[in-house]
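The block underneath contains the structure these notes are about, expressed in structure tokens.
Just so you know, these numbers use all the heavy atoms, side chains as well, and skip hydrogens, waters and symmetry mates. Numbering of ligands and ligand atoms starts at 1, following listing order. Values in this document were obtained by computation on a predicted structure and should not be read as measured data.
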Amino acid sequence: MSLSQLKAVLPVAGLGTRMLPATKEQPKEMLPIFAKTHNGELCVKPLLHLVFEQLYNEGIREFIFVVGRGKRTVEDYFTPDYSYVELLKNSGKKAAEELNKFYKMIENSTLIWVNQPEPRGFGHAVLITQKVVGSNPFIVHAGDTYIISHGIERPLAKMFRKFLEEKAEAILLLQEVENPRQYGIAEITEKNEELIVQRVVEKPEKPTTNLAIMPIYIFRHTIFDALNTIKPGVGGELQLTDGIQELINQGKKVIAIKLDKNSIRLDIGNPTQYWEAIQQSYTHGRGADK
Ligand code: UTP
């Protein structure tokens with residue numbers, strides 16, 4: 001099995017309350033950051049556009065978006081509009097080419113929209129995709145985080161390689177952070193360069209490690225059984241982290257890789273993170289981070 005055969009689940013149905021009032025009518029995942037066009041020029045794209053492009057460039061062609069009330073903009077954005085491309089072309093606008101390329105990617109892909117009527121948690125958003133995901137391993141990628149990678153091996157490719165090599169049930173992406181309380185964290189043991197996850201905790205009051213879980217995962221279908229078993233956790237929401245802990249409790253092998261130091265995580269969850277994402281993406285977009 002190759003990475004390109006995996007389906008990607010993109011939960012984008014959260015309320016984005018930490019980014020209010022900007023996110024009252026505008027989905028958080030559609031907030032713009034800086035990027036490069038295909039020609040390497042600086043441009044501005046919604047973060048979700050970048051996540052889609054990155055997964056597409058890994059060969060992924062099946063995308064399952066979890067959307068809810070107020071997220072129609074996402075569906076509209078991912079619906080090719082060639083008359084608009086024509087209009088841009090006719091008036092000599094350079095953006096026509098970029099948009100055209102994006103629409104071709106969409107046409108080469110299958111996009112499935114799953115409705116989460118109420119934001120009952122990240123874990124719940126994943127759980128409701130069970131039928132469309134089917135029995136194969138799959139990727140979960142949050143719609144508000146984007147990794148710029150300068151490493152030798154791209155994070156998702158490395159995750160998939162390790163996932164297969166170590167016959168894992170799930171693989172997590174970890175990053176050392178200074179403020180672990182606002183994340184899910186992982187306790188790990190290292191054995192022959194293998195990082196085995198022993199315990200995960202969502203937003204701990206007293207974090208036992210500074211290893212934050214990035215919202216990018218590869219799972220087998222067993223995560224669905226685990227999510228079906230657990231009860232709502234932090235914030236009264238069904239937490240994906242608790243589902244992962246349930247896998248561990250069942251004796252399943254959960255492993256991790258650490259995000260290499262050359263990669264940058266852009267997160268637009270709260271205003272400070274958004275400001276950092278704007279700055280870092282601008283530096284990257286201008287090609288000034290090499
Ligand atoms: P977050 O917890 O960061 O997003 O979820 P949120 O709940 O929208 O943010 P706040 O806390 O209110 O500010 C990570 C990703 O999971 C999606 C979000 O849209 C985001 O992309 N999500 C979250 C869902 O799809 N459904 C949910 O019930 C919760």
In terms of side-chain geometry, is the basic nitrogen of [X] or [Y] positioned less than 4.0 Å from the acidic oxygen of its partner?
| X | Y | result |
| --- | --- | --- |
| K101 | E98 | no |
| R161 | E165 | yes |
| K71 | E29 | yes |
| E58 | R154 | yes |
| E194 | K253 | yes |
| E169 | K252 | no |

Region of [X] that comes within reach of ligand 1 [heavy atoms, distance under 4.0 Å]:
| X | result |
| --- | --- |
| H124 | neither |
| Q116 | side chain |
| E29 | side chain |
| A125 | side chain |

*From the options P27, G121, G16, select the one whose nearest heavy atom is closest to atom 8 (O) of ligand 1.*
G16
_N or O contact, G269 vs ligand 1, cut-off under 3.5 Å_ = no
*Indicate yes or no: does an N/O atom of V66 lie under 3.5 Å from an N/O atom of ligand 1?*
no
*Flag for Q250-E246: side-chain donor and acceptor within less than 3.5 Å*: yes
*Between Q175 and R265, do the side chains contain an N or O donor and an N or O acceptor separated by less than 3.5 Å?*
yes
Please report which non-hydrogen protein atom sits nearest to [atom], along with the residue it belongs to and the distance in Å to one decimal place.
| atom | answer |
| --- | --- |
| atom 12 (O) of ligand 1 | T17 OG1, 2.6 Å |
| atom 2 (O) of ligand 1 | R18 NH2, 4.1 Å |
| atom 17 (C) of ligand 1 | P11 O, 3.4 Å |
| atom 4 (O) of ligand 1 | K28 NZ, 3.1 Å |
| atom 23 (C) of ligand 1 | G14 CA, 3.8 Å |
| atom 16 (O) of ligand 1 | F122 CD1, 3.2 Å |
| atom 5 (O) of ligand 1 | D144 OD2, 4.4 Å |
| atom 25 (O) of ligand 1 | A13 N, 2.7 Å |

*Hey, what's the ring geometry for F102 with F78, parallel, tilted or perpendicular (30° and 60° as the breaks)?*
perpendicular
_Atoms in ligand 1 with a heavy atom of P119 nearer than 4.0 Å_ = 28 (O)
*Interfacing atoms of ligand 1 (cut-off 4.0 Å, heavy-atom, R120)*: 28 (O)
*Step through it carefully: locate the ring centre of F224, locate the ring centre of F138, and say whether they are under 6.0 Å apart.*
yes
*May I ask whether P215 has any heavy atom positioned less than 4.0 angstrom from an atom of ligand 1?*
no
_Y146, Y103, Y77, F63 screened by ring pair (Phe, Tyr, Trp, His ring centres under 6.0 Å) with F52, the one that passes_ = F63
